[in-house]
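Start at 1 with the first residue, then count along the sequence. In this text the structure is predicted, and so the values were computed from the model without any measurement.
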Amino acid sequence: MGQGHSGTEKEVALKNIQGLYRKFADECPSGNLHLHEFKKIFGVTSKSTEEESAYMDNVFRSIDTNKDGHIDFLEYVAVVHLVLRGKLEDKLRWSFKVYDRDGNGCLERHEIVTILRIIHKIKQHNNPSVSDINVDEVCDRIFELLDKNGDSEISLEEFVEGAEKDPWVLEQLRLDIGPCDWFNQKHEKT
């Protein structure tokens, strides 16, 4: 989710918290952001694919750190801060957690293929000039570059190190897909 250096040097400062809270309360009158509201914000509808919906479920679960089934204001502020000011390594660690659908601490080929398909669909949706890719070939190259110990799994350390060192890998796994725009838009209005 926006792993690149955004160029925006904004911070969720104490003076912005009150404005953020007002915006959060407007968007989430119950005081909590629920999964269906979260999906709506990111454009996931009944017309979305099962993969896209499952991916957004993972994103939601990664933000819902206390696992209570909704995103409260503190979780919201934490993710806004990560998106706007987080270090690349922190964003990559969070992305890894989102990509690791089964939560086993490593990325297998099917998880990489799934996430590449979703990322590419979203990139094409946001920019129709993005050309098609061969997902299997891209996945093969990612494993070639990141799976240093050859165990057919990518560990968190391999993921972070590889994405930080290889701009092509970072571009393939980049998720600048609207959440950053949404958070920036909310932050701008505070």
Under 4.5 Å between side-chain heavy atoms, hopping through other hydrophobics if needed: is there a path connecting Val130 to Ile142? no
For the CG atom of Leu173 and the CD1 atom of Ile119, what is their distance to the nearest 0.5 Å? 5.5 Å
Quick check: closest heavy atoms across Val113 and Cys139, and the distance to 0.1 Å? CG2-SG, 3.8 Å
Where do Ile118 and Tyr99 land on the side-chain contact (heavy atoms from CB on, under 4.5 Å) test, with the steps shown first? CA-CA 11 Å; Ile118 293 168; Tyr99 300 165; over 6 Å; no
Mind checking the CZ-OH spacing from Phe60 to Tyr55? Nearest 0.5 Å is all I need. 14.5 Å
Side chain to side chain, Leu92 and Lys87, heavy atoms closer than 4.5 Å: no
Measuring only between side-chain heavy atoms, which start at C-beta, is Asp147 closer than 4.5 Å to Glu153? no
Which pair of non-hydrogen atoms, one from Arg101 and one from Ala54, has the smallest distance, and what is that distance? NH2-CB, 3.1 Å
Salt bridge (charged side-chain N to carboxylate O under 4.0 Å, His left out): which pairs involve residues 102-113, sequence neighbours left out? Arg109-Asp140
List the atom of Gly105, the atom of Asp100, and the distance in Å for their closest heavy-atom pair. N-OD2, 2.7 Å
Do any N or O atoms from the side chain of Tyr76 and from the backbone of Leu33 form a donor-acceptor pair under 3.5 angstrom? no
Taking atom CG of Leu146 and atom CD1 of Ile112, what is their separation to the nearest 0.5 Å? 7.5 Å
Quick one: pull up OG in Ser53 and CG in Leu35 and give me the separation to the nearest 0.5 Å. 7.0 Å
Determine, using the 4.5 Å side-chain heavy-atom cutoff (strictly less than), whether Trp168 and Phe143 are members of one ILVMFWY cluster. yes
For side-chain contact (heavy atoms from CB on, under 4.5 Å), just list the numbers for Trp94 and Val59, CA-CA rounded to whole Å, side-chain angles, deciding distance to a tenth of an Å, and then say yes or no. CA-CA 9 Å; Trp94 181 69; Val59 173; 4.1 Å; yes
Which residues share a ring pair (Phe, Tyr, Trp, His ring centres under 6.0 Å) with His110, sequence neighbours left out: none
Test your reading of the model: is there a side-chain donor-acceptor pair from Asn134 to the backbone of Asp136, 3.5 Å cut-off? yes
Applying side-chain contact (heavy atoms from CB on, under 4.5 Å), run through Phe24 and Val77 and close with a yes or a no. CA-CA 9 Å; Phe24 183 81; Val77 169; over 6 Å; no
If you measure from CG on Asn58 to CD1 on Ile63, what distance do you get to the nearest 0.5 Å? 11.0 Å
In short, Phe159 meets Leu107 closest at the heavy-atom pair CD1-CD1, 3.8 Å
Judged by atom type as modelled, is there a donor-acceptor pair below 3.5 Å linking the side chain of Asp166 to the main-chain atoms of Leu170? no
Could you give the distance from CG (Asp151) to SG (Cys106), rounded to the nearest 0.5 Å? 7.5 Å
Just do the side-chain contact (heavy atoms from CB on, under 4.5 Å) check on Lys165 and Leu145 with the steps written out, would you? CA-CA 10 Å; Lys165 288 184 179 177; Leu145 293 168; over 6 Å; no
Side chain to side chain contact (heavy atoms under 4.5 Å, CB included) involving Asn66 - partner list, sequence neighbours excluded: Asp64, Asp68, Asp72, Glu75
State whether Arg93 and Glu89 are salt-bridged, where the test is any N-O pair (Lys NZ or Arg NE/NH1/NH2 against Asp/Glu carboxylate O) under 4.0 Å. yes
Donor-acceptor check, side chain of His120 to backbone of Gln172, threshold 3.5 angstrom: yes or no? no
